[in-house]
Number of protein chains: 2
Amino acid sequence: MPEQTIDINSLDGPLGQRVYAAMRGQILDMTLEPGQILRKSALCEQLGVSRSPIAEALGRLSSEGLVNIIPQSATRVSQFSMAELLEENFLREAVEVAAIARVAKDPTHDQILRLSRNLKLQSLLVEDHDFEGFFEADLDFHEMILSFTGFPKVNVVAEDMSLQLRRARKLILPEPGRPTEAVAEHEAILQAIKDKDVASARSAMSRHLRQLIQRIEPLEREHPEYFRST
Amino acid sequence: MPEQTIDINSLDGPLGQRVYAAMRGQILDMTLEPGQILRKSALCEQLGVSRSPIAEALGRLSSEGLVNIIPQSATRVSQFSMAELLEENFLREAVEVAAIARVAKDPTHDQILRLSRNLKLQSLLVEDHDFEGFFEADLDFHEMILSFTGFPKVNVVAEDMSLQLRRARKLILPEPGRPTEAVAEHEAILQAIKDKDVASARSAMSRHLRQLIQRIEPLEREHPEYFRST
DNA sequence: ATTCGTCAACTAACATGTCAGTTGAGGGGT
DNA sequence: ACCCCTCAACTGACATGTTAGTTGACGAAT
């Protein structure tokens, strides 16, 4: 088996940065499984680089919590813990609710227009059963709201603090009626924005985000191998 | 001038970790000034270690935004930007308001007791004009609320996403009446918790946190040398 | 006097040699 | 048969040599 890893040359910037980005991507899309052991020497010959940039990349991944470095011993892709996922969901909800409150207070016509367009697209994609495309549009919807706060880094920070959540989402099996529900929830959010109704915008966003954690909770018994026992 | 830097030996753990912690502390308490250039070779002989652990430490500080590494050229302590400070304040408010809402919903007797004790301490310290001690108690008050959510990492994440804010706070000149006001605001928060009044707990926390940004805004013209021009 | 090209000195980035701590298998003692 | 001790092999942590890119000063041409 060729064990095809990502090639580094498709990116730019310093070598350590490229290794970091490549490994981060592989961890987040579950190509590298939780619990898997990462050997520095193996990574060296797979990627064709020396140990320095790999050490730097692993260090940064470790500070983000995506890998666990056991001193003088081993490095492995970090496993899930349900407590951690619940915590990340709390933080994500805190930020997204604050963002929607800020946006709903005084939305511009352009913002409403862009959200409406995105929502129409979501409906079409669900009708066509293009769930991959819907997933993308869903992410865009939330990212747009975060960027409408006028704070450029908010969406980056919001992602960084819910990395495990994003990774766990990959494990959720598609449920038949869910996309249609999600579109309805998005419509409720948009309606509240149009009405400049801050309170109902907040609660609509809360309700929407709590759907995710309900579907994540059963994961611990479906995939116990990805969760740490402690 | 002896140029006394922190000694590394007072900490434990891997060398890179110690260097990271030491420099992080110095940056956060403004011992290392924004804009100051950090020379790796100079740090090597000051700390008595080689370049590897220093490179690791600087890499982690860079990913936290505390230093700017200009590729192949220089590394400097990052400067402030008012937009960034406003953004961090927004994020901090989002998390702390969500936390207070969760805590106020169903506080335990023990939680109320500990907050009350802390608040009494704050009053005493203000009466004695021990503002240094009050500053500590203030931080404890907020940290306690964050930890009462039951999520262990929330207070760490909340700090990590408002590092510049914490650093900028050091520049604020003490204002005569402010500590007394702060205690009153804390009391309003505690009262809302006792009443299990989620809505007023939220607004009391919001009002309290927005005091800080008002006192930070004039900083840009008082200390233009610490802000980046862009 | 001013502008532009050149070059030397400095920097971070990378490669690699070396050290120390951990782990797990095997052998000796009980 | 079981437990503990020892030791070899592997790992990450650190030191240091090497490379390549940036910068700023100096000097030549205008």
Side-chain angles (χ1 to χ4, degrees), chain A residues 5-24 27 32 35-79 228-230, chain B residues 5-24 27 32 35-79 228-230:
Chain A
T5 61
I6 240 170
D7 70 328
I8 297 299
N9 304 327
S10 60
L11 302 166
D12 65 333
L15 206 45
Q17 199 103 6
R18 280 182 274 178
V19 174
Y20 163 76
M23 296 193 63
R24 188 177 196 267
I27 291 173
L32 293 173
Q36 186 169 339
I37 290 179
L38 299 175
R39 269 171 282 270
K40 276 191 182 174
S41 55
L43 291 171
C44 284
E45 51 186 38
Q46 280 179 21
L47 301 177
V49 301
S50 89
R51 305 196 300 272
S52 299
I54 287 181
E56 182 196 331
L58 290 177
R60 293 182 61 178
L61 291 170
S62 170
S63 71
E64 284 185 324
L66 291 178
V67 305
N68 285 335
I69 297 180
I70 304 162
Q72 309 291 355
S73 172
T75 300
R76 52 177 57 206
V77 180
S78 66
Q79 295 178 294
R228 43 169 174 274
S229 41
T230 56
Chain B
T5 62
I6 240 171
D7 69 328
I8 296 300
N9 305 327
S10 59
L11 302 166
D12 64 332
L15 205 46
Q17 200 102 7
R18 279 183 275 178
V19 174
Y20 163 75
M23 296 193 63
R24 187 178 196 268
I27 292 174
L32 294 173
Q36 185 169 341
I37 290 179
L38 300 174
R39 268 170 282 271
K40 276 190 179 169
S41 55
L43 292 170
C44 283
E45 52 185 35
Q46 280 179 21
L47 301 176
V49 300
S50 90
R51 305 195 301 272
S52 299
I54 287 181
E56 182 195 330
L58 289 178
R60 292 181 62 177
L61 291 170
S62 169
S63 71
E64 284 185 325
L66 290 178
V67 304
N68 285 336
I69 298 180
I70 303 161
Q72 310 290 355
S73 170
T75 300
R76 50 176 58 207
V77 180
S78 65
Q79 294 177 295
R228 40 171 176 277
S229 41
T230 56

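Each chain gets a letter, A, B and so on, in the order its sequence line appears, and its residues count up from 1. Just so you know, these numbers come straight off a predicted model, no measurement behind them.
A:L38 comes within contact range of the sugar-phosphate backbone alone, with a heavy-atom separation under 4.0 Å but no base atom that close. Counting non-hydrogen atoms under 4.0 angstrom, B:R51 reaches a base of the nucleic acid.
Across all their heavy atoms, B:A55 and B:K40 have their closest contact at CB-NZ, 3.7 Å. Residues B:S78 and B:G65 come closest through the heavy atom pair OG-O, 2.9 Å. The shortest non-hydrogen separation linking B:I69 to B:L58 is CD1-O, 4.0 Å. Taking each heavy atom of A:R51 and A:C44 in turn, the nearest pair found is CG-SG, 3.5 Å. Of all heavy-atom pairs spanning B:R60 and A:S63, the tightest one is NE-CB, 4.0 Å. The shortest non-hydrogen separation linking B:G35 to B:Q79 is N-CG, 3.7 Å.
Summarising the geometry, atom CD1 belonging to B:I54 is positioned 5.5 Å from atom CG belonging to B:L47; distances are rounded to the nearest 0.5 Å. Annotation: the span from B:L38 atom CG to B:L32 atom CG amounts to 6.0 Å, rounded to 0.5 Å. We find the OG1-CD distance between A:T75 and A:Q36 to be 12.5 Å, quoted to the nearest 0.5 Å.
Taking 4.0 angstrom as the limit, B:S73 places none of its side-chain polar atoms (N or O) nearer than this to OP1 or OP2 of C:dC10.
Using a 4.5 Å heavy-atom cutoff, the side chains of A:V67 and A:M23 are not in contact.
Judged by atom type and distance alone, A:S52 reaches the base of C:dA15 through a side-chain donor-acceptor pair under 3.5 Å.
In this structure, A:K40 atom NZ and C:dC14 atom C1' are separated by 14 Å, rounded to whole Å. One can place CZ of A:R39 at 14 Å from C1' of C:dT23, the figure rounded to the nearest angstrom. Atom pair B:L15:CG and C:dC19:P shows a separation of 17 Å (rounding to whole Å applied).
Across residues 54-62 of chain B, not one residue has a non-hydrogen atom less than 4.0 Å from an atom of DNA chain C.
You can see that DNA chain D meets the heavy atoms of chain B within a 4.0 Å-exclusive cut from D:dC14 to D:dT23, reading 5' to 3'.
For the pair A:S50 and A:I70, nearest-nucleotide mapping onto DNA chain C gives the more 5' position to A:S50.
When each of A:R18, A:Q17, A:R24 is tested with A:Y20 by the rule side chain to side chain donor-acceptor pair (under 3.5 Å), just one qualifies, namely A:R24.
Each end of the helix from C:dA1-D:dT30 to C:dT30-D:dA1 yields a helix axis from five base pairs, and these two axes differ in direction by 0° (to the nearest 10 degrees).
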